[in-house]
Amino acid sequence: MKSISKSKAEFSYKWWGPGELNAFFGLLGDAFSKISAIIGILLFGEGFPKEIVLGRILPGIAIASILGNLWYFYEAYSLAHKEKRSDVTAQPFGISSTQVFSWLYLIIIPIYRNTGNAELAWQIGLAASLIGGIIEAIGAFIGKYIIKIIPSSALLGNMAASALIWLSFNGILSVFENPIVALVPFFLIVIIFNNDIKLPKNIPASLLVILIGTLMAWLTGFRNIEHLSSSIKDLSFYPPNLFIADAFKGLKYITPYLQIIIPLEIANFIATLQGVESAALVGDEYPVKRSMLMDGISTIIGSLFGNPFPTTVYWGHPGWKKVGARGGYSLLVGLTYISCFFGLPQLFLAVVPYEIIVILLIYIGITVTTEVMEKTETKHFMVMLISLFPILAQFIDNFIDSTLLVAGLTVESLGYKAFIEGNVLIKGIKNLSYGAFSTSLLFAIWTAYICDKEYRKAAITSFILTFCSLIGLIHTQHVELFSKSGVQFGLLYGIIGICCFIFEKFKDNSSVSI
């Protein structure tokens, strides 16, 4: 007994493993690619005030990310001591890829372009993140029940569709906008990651690709000393501040965006749940409810400190464990966020163009989609494909509206006839894009039930589509009771539901071919 007690007392978690640097640079590239995208899109692309981007959003991201990474390091440390082993790997954590681009292109930027009010756009973004955090926290208590009710292929298919469009496709357009800088690095990262090529002296692949792309940018004049000197002027101390009143002001205008927030945040906490469960599969069994609850708490705290983007546990724990990472990479990544308090990410972007950083996001989107397909039965591939359509329509609609806005026009002012003459099916695009994330999720659920021949459940899903149509949650620009299009789609989904009940009645009848 004495020897056992002595052994327990002497145990020390060796949190720095052989794969720590690879995991650190991989997660750092992932995390800071999103921060770079936020700066590049809002500050340089849209002309948001530096006071908001550098002085509020970045410090808020830092608070949420430092808090989360330190917590998940602590969880790894606690688990290691509980089980007396040093091969425990921390869960990767940061701001959510899908939410960053969805929040940017579907909430913050449209509000700013329509109103010219960056403050309002940011406040509504804070409110969206606050609600998202509450949904994530609730997910800690109901996540497992949702998985039992809704097929995982539907939840993951919806998330994969979003990642493929808003991360990968949106990103690849940036690559081909400036191919001289980004095309070669993009193909290099596909070659290296897809074939698991080991670089000399364990140089992280993401770091090598960033260096090559940066070199090309400076050699071609895409980046120069002027970019650098301009960013140096903005270096300062940006302390974190509470923005509780701003978050609550944004809540007044949040209703039209609930159709974006709710389905995405459900997918977000399910992804966190599956991330925790994937860690358990390779031996690191973390407390599920506690891990998920922290996910929501960090998002809520971040929103109150000025960060409009939800946080999440990333997928990828088994991969970092495989390369020998433990808890050190999480601790290092968390501490790196301190740079956000000084505006250093903008300086980084002055050296490394956004077009290079976005390459990592393209690959993340493709990887998320690939992992979903690998986890999905072949008969359920249709689930992801059908759930892709509303998201794609939403993407196209966003492009059309943005282009017209620059010209001082709208679809209504230009008239539908102009689109019809150009063979642009604008009504179809609009109908499918309104409430796209909700539609995508419900289409995915319906299709998953049909693939499994669970027609009764498919019928119930059809009637949920009817209800969502009638209240204007889908297929309608604004939440509105019994609008003309809402009633039309509601009736059609009702007919589909009745058909599903008929199929349920006869599915076991050998005389009926289904």
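All heavy atoms count here, side chains included; hydrogens, waters and symmetry mates do not.
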Taking the six-membered ring for Trp, are F443 and F389 closer than 6.0 Å centroid to centroid? no
If you count every heavy atom of other residues, nucleotides or ligands that lies below 6.0 Å from F248 atom CZ, does the total exceed 12? no
Using 30° and 60° as the class boundaries, would you call the ring planes of F93 and Y72 parallel, tilted or perpendicular? tilted
Is the CZ atom of F44 crowded by more than 12 outside heavy atoms at less than 6.0 Å? yes
Tell me, yes or no, whether the heavy-atom count around K379 atom NZ, taken from other residues, nucleotides or ligands under 6.0 Å, exceeds 12. yes
Presence of salt bridge, E119 and R56, under 4.0 angstrom: yes
Do you know which of I38, I165, N170 makes side chain to side chain contact (heavy atoms under 4.5 Å, CB included) with F101? N170
Report, as yes or no, whether the 6.0 Å neighbourhood of atom CD1 on I142 holds more than 12 heavy atoms from other residues, nucleotides or ligands. yes
Can you tell me if S440 uses its side chain to pair, donor with acceptor, with the backbone of I391 under 3.5 Å? no
Which is it for W122 and F243 under the ring-ring contact (aromatic ring centres under 6.0 Å, His included) test, yes or no, and what are the steps along the way? CA-CA 11 Å; W122 167 71; F243 297 100; 5.1 Å; yes
What's the verdict on side chain to side chain contact (heavy atoms under 4.5 Å, CB included) for I109 and E46, showing C-alpha distance, side-chain angles and the deciding distance? CA-CA 8 Å; I109 292 175; E46 298 296 324; 3.8 Å; yes
For the side chain to side chain contact (heavy atoms under 4.5 Å, CB included) test, which of I429, L404, L173 pairs with F399? L173
Are the aromatic rings of F463 and F467 close, with centres under 6.0 Å apart? no
Test I262 against every option in I135, L441, L473 by the side chain to side chain contact (heavy atoms under 4.5 Å, CB included) rule and name the one that passes. I135
For the side-chain hydrogen bond (donor to acceptor under 3.5 Å, both in side chains) test, which of T299, T311, T312, T272 pairs with E136? T299
Expected output: side-chain H475 to main-chain G486 donor-acceptor under 3.5 Å: no
